[in-house]
Amino acid sequence: MARSYNHHEIEDKWSKIWEENPVNEKDESKEKYYCLDMFPYPSGSGLHVGHWRGYVISDVWSRYKLLQGYYVVHPMGWDAFGLPAENFAIKHGIHPRKATDENVANIKKQIKDIAAIYDWDMEINTTDPDFYKWTQWIFVKMFKEGLAYEKEMPINWCPSCKTGLANEEVVGGVCERCGSLATKKNLRQWMLKITAYAERLLNDLDKLDWPEKVKKMQSDWIGKSYGAEIDFQVEGRDEKIKVYTTRPDTLYGSTFMVLAPEHELALQITTNENKEAVEDYIYKASLKSSVDRLQDKEKTGVFTGSYARNPVNNELVPIWISDYVLIDYGTGAIMCVPAHDERDFEFATKFNLPIVQVIAKDGVEIPNLTEAYTEPGIMINSGEFNGMESEKARLELPGLFEERGIGKKTVNYKLRDWVFSRQRYWGEPIPIIHCDHCGVVPVPEEDLPVLLPEVDNYKPTGTGESPLAAVEEWVNTTCPTCGAPAKRETNTMPQWAGSSWYFLRYVDSKNDKELISKEKANKYLPVDMYVGGVEHAVLHLLYSRFYTKFLNDIGVLDFDEPFLKLFNQGMIVKDGAKMSKSKGNVVSPDELVREYGRDSLRLYELFVGPPELDSEWDDRGIDGVYRFIRRVWNLFMDNKDSNIKATPEMIKTRHRMIYEITHRLDNLSLNTVVSGFMEYTNKLVDIANKEKGLDRGTLESMAVLLAPFTPHLAEELWSQLGNTSSVFKEKWPEYDEDKMKETQINIPVQINGKTRAIITVNADSTKEAILVAAKEEVAGRLTGDIVKEIYVPGKIVNIVIK
RNA sequence: GCGGAUGUGGCGGAAUGGCAGACGCAUCAGACUCAAAAUCUGACGGUGGCAACAUCGUGUGGGUUCGACUCCCACCAUCCGCACCA
């Protein structure tokens, strides 16, 4: 009697062996494949089964590539700076340094249970000075290139986290981290000029094998639009107001203008009798949060008392102020065409402003517009352009305006520059020194890193200053240029700084001369496969692309896209909700590993549902894969010594199994890979029972196929078959289509599309023979004239009768 | 409002133009057992029938096709993203 499956014994045995002899040895002779996970922030609450999923997917893929003969770069590290780590530390009264180290140790232990082939020699931690030295170095380089700049401006502010936020971190008006309502705060900020890369970030999306959803989210976020800037002369004054429009074809219908409340000309052009109302409106607008502004459905506004001339028809148009115009998009001022823009229509209706239709469907004017007509059409009431197609005018008029000196052709982006400073302790200090004589001076590269000082009080101040501002002995320094007393910049970098480039450092993590050597960068990068959640679509994934392009521009890298292929795994949900401590629906992997083993949990993580979709966790589901593993074990134990010659059925089944598993795996349809294994195991058990044994070739192929999924089991089965080297030294099995063919096939016979019988015929039967056999089989049902006979080779017969 | 995804048994899901419900969970019945657990075997969409079988059935309504879960049109529901971007 063969011994029964014992996951403790098998998994302990092989994890020890792999510890000493890693299966994924660095081998310069092999082609590389870089498979990367989005690295975790060590948050303290540990991993749940949802975190496991992504790591299992990437490990299966890595081991598959390994078996295909690649040297697989598969590293892991810690994104340990930033708010989550700091908030955890504050809550538990432990210094962030200590809390982070403890959490890393804890999560690392949990991650090792996944049994992924991570190369721990590459491990990095963003809070390690040897790492953040280079995070700071990139900032200094950006500063020198004019891409990092200081600006005082109203930025998004989270009153709970007590720090400024980037646009990307404000989701639906609330702080992405804690859910508090974001407000505006006027602060001196460090900004990164990501907008300088808008065009490349947009165009290069075409190069990427990424989910369309993510590409679309990025391209919408960048938000490119084509249009024109047009100058309106303010009547009786010197100033001109520049507007941006994507609808130059509607210029003749512009009957008023609106400036954003923050527009620099707003007060200047206001007449004395309107001054009080305008000042009041601007003040009230300044108090509104972005959510308030969003939620006010009703348009508000105030008249400045001034007018401007529409440059094409010389009409005088009133200039209004309203907060539906945003200061940071376009020019902060718009020309309003109420007949063809919903918002302008609403505003004009409310304040009784004239509405002039200039685009009409088929050139027929609608007598009384009840809503804006936003479709294309034929231009009317537009002087020399009457009769022109509006779509054509849209493209051609900007150039024409440019020739006539009333505007210019232009493009606009929704993307804003990146607010890069945080008023928090636990981040990379921004390596800048403020000198009264020399101004803003970057810390010399040889003086990096600027170490984050140890402090007692690291709680956020809420004043707009970082807690670092209170550390006098650290703040006070000397100017590297003139030697005079100077002060350090006290803001820190956002969480995203380290994660924007960490994937480069893994392959050269101990280099103290360079961020990464050119040689290693070219050898191991870019990343071939990146696995992670979709939540970073316009955050980390956009920032990383920006950093990579910058590093490419300054010659550090020879490539300009970091991640060639992206896979977004779905979330694991429990009781219909994302797992979270507060909901009390967290499933911990630790107990499951103890009870069922790593291999079973790995397999269930895949079997739970299609990997790209959210899946409901079923506590009982793991029993099914555990039973399956035991069935595989018994199949091998019962037959490993049978020494029988492969029957045609065994050969066919083996090749079909290889074919099915390989194809499903190539398509990353990992849940059906698992069900495929179950099907073929059931089939092989039947065959083995019938034939009193199973051939060695089939068992060997199956062990190798299983290796990426259940590595401990596969190694043990492989060694039970008498092999002395690791199963991971094997090659992924190949199939032969000729050997998969059936000699007999089942053909359903339909009458008028309904299956009435199934006939079994030789696979090489002719169409005629099959049709004859089919008609014989269903002769009793052929009660009418046969209109048509359809035979789809190898698939189906359909007889149409009347 | 705009954009995207999803919709199939009690449940997770499979099938991308060709036998709908693979595979698994749960359930029920049987075997083993003094008994239970574990394990094994079988049944398992609805309706009618002792049965073979018939009939309906993939969110709803239409359409294309010999044939539709699959393709097209319209709609409904749920989830996600964006949201006054001129």
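Below, chains carry the letters A, B, ... as their sequence lines are ordered, and counting in each starts from 1.
Remark: aromatic rings of A:Trp52 and A:Tyr604 are distant, center separation not under 6.0 Å.
Side-chain atoms of A:Leu613 lie closest to B:A5 of the nucleotides B:C23, B:C82, B:A5. Taking the side chain of A:Ser225 as heavy atoms from C-beta on, and the options B:C23, B:A86, B:U55, the nearest nucleotide is B:A86. When the nucleotides B:C25, B:C23, B:G18 are ranked by their closest atom to the side chain of A:Asn798, B:G18 comes out on top.
Between A:Phe709 and A:Phe677, the ring planes lie perpendicular to each other; the angle is over 60°, past the 30° to 60° tilted range.
Under the Watson-Crick and G-U wobble criteria, each requiring two contacts below 3.5 Å, nucleotide B:A83 is left unpaired. Base-pair partner of B:C40: B:G30 (Watson-Crick or G-U wobble, both distances under 3.5 Å). Of all nucleotides present, none satisfies the Watson-Crick or G-U wobble test against B:G57 with each distance under 3.5 Å. Summarising the base pairing, B:U70 is matched to no nucleotide, lacking a Watson-Crick or G-U wobble pair whose two defining distances lie under 3.5 Å. If you check B:U6 for Watson-Crick or wobble pairing at under 3.5 angstrom, you find it paired to B:A77.
Within 4.0 Å of A:Val171, counting heavy atoms only, lie sugar-phosphate atoms of the nucleic acid but no base atom. Heavy atoms of A:Asp328 sit nowhere under 4.0 angstrom from any nucleic acid atom.
Within the 4.5 Å cutoff, the side chain of A:Gln750 has no heavy atoms near those of the A:Arg756 side chain.
For A:Asn412, no side-chain nitrogen or oxygen approaches OP1 or OP2 of B:A86 to under 4.0 Å. Taking side-chain N and O atoms only, A:Arg627 has no distance below 4.0 Å to OP1 or OP2 of B:G24. An OP1 or OP2 oxygen of B:C66 is reached within less than 4.0 angstrom by a side-chain nitrogen or oxygen of A:Lys788. The phosphate of B:A86 has OP1 or OP2 within less than 4.0 Å of a side-chain N or O from A:Tyr329. Between A:Arg631 and B:G24, a side-chain N or O to OP1/OP2 separation shorter than 4.0 Å is present.
For the C1' atoms, the distance linking B:G9 with B:A26 amounts to 12 Å, nearest Å. B:C76 and B:U60 are spaced 15 Å apart, taking the P atom of each and rounding to whole Å. On the C1' atoms, B:A20 is 7 Å away from B:U58, given to the nearest whole Å. Taking atom P in both B:A22 and B:G42, one finds a spacing of 14 Å when rounded to whole Å.
Residues A:Arg620 and A:Arg416 each lie close to RNA chain B; by heavy-atom proximity, the contact nearer the 5' end of the strand is made by A:Arg620. Comparing A:Tyr413 and A:Lys754 along RNA chain B, the residue whose closest nucleotide (by nearest heavy atom) sits nearer the 5' end is A:Lys754.
Taking 3.5 Å as the limit, the base of B:C80 and the side chain of A:Lys213 contain no donor-acceptor pair of atoms between them.
In this structure, A:Lys683 forms a cation-pi arrangement with A:Tyr680, its terminal cationic atom sitting closer than 6.0 Å to the ring centre and no more than 45° off the ring axis. Judged by a 6.0 Å distance limit and a 45° cone about the ring axis, A:Lys299 is not positioned over the six-membered ring of A:Phe347.
What separates CD1 of A:Ile801 from C1' of B:C66 is a distance of 12 Å, to the nearest Å.
Shortest non-hydrogen contact noted between A:Ile572 and A:Gly50 is CG1-CA, 3.6 Å.
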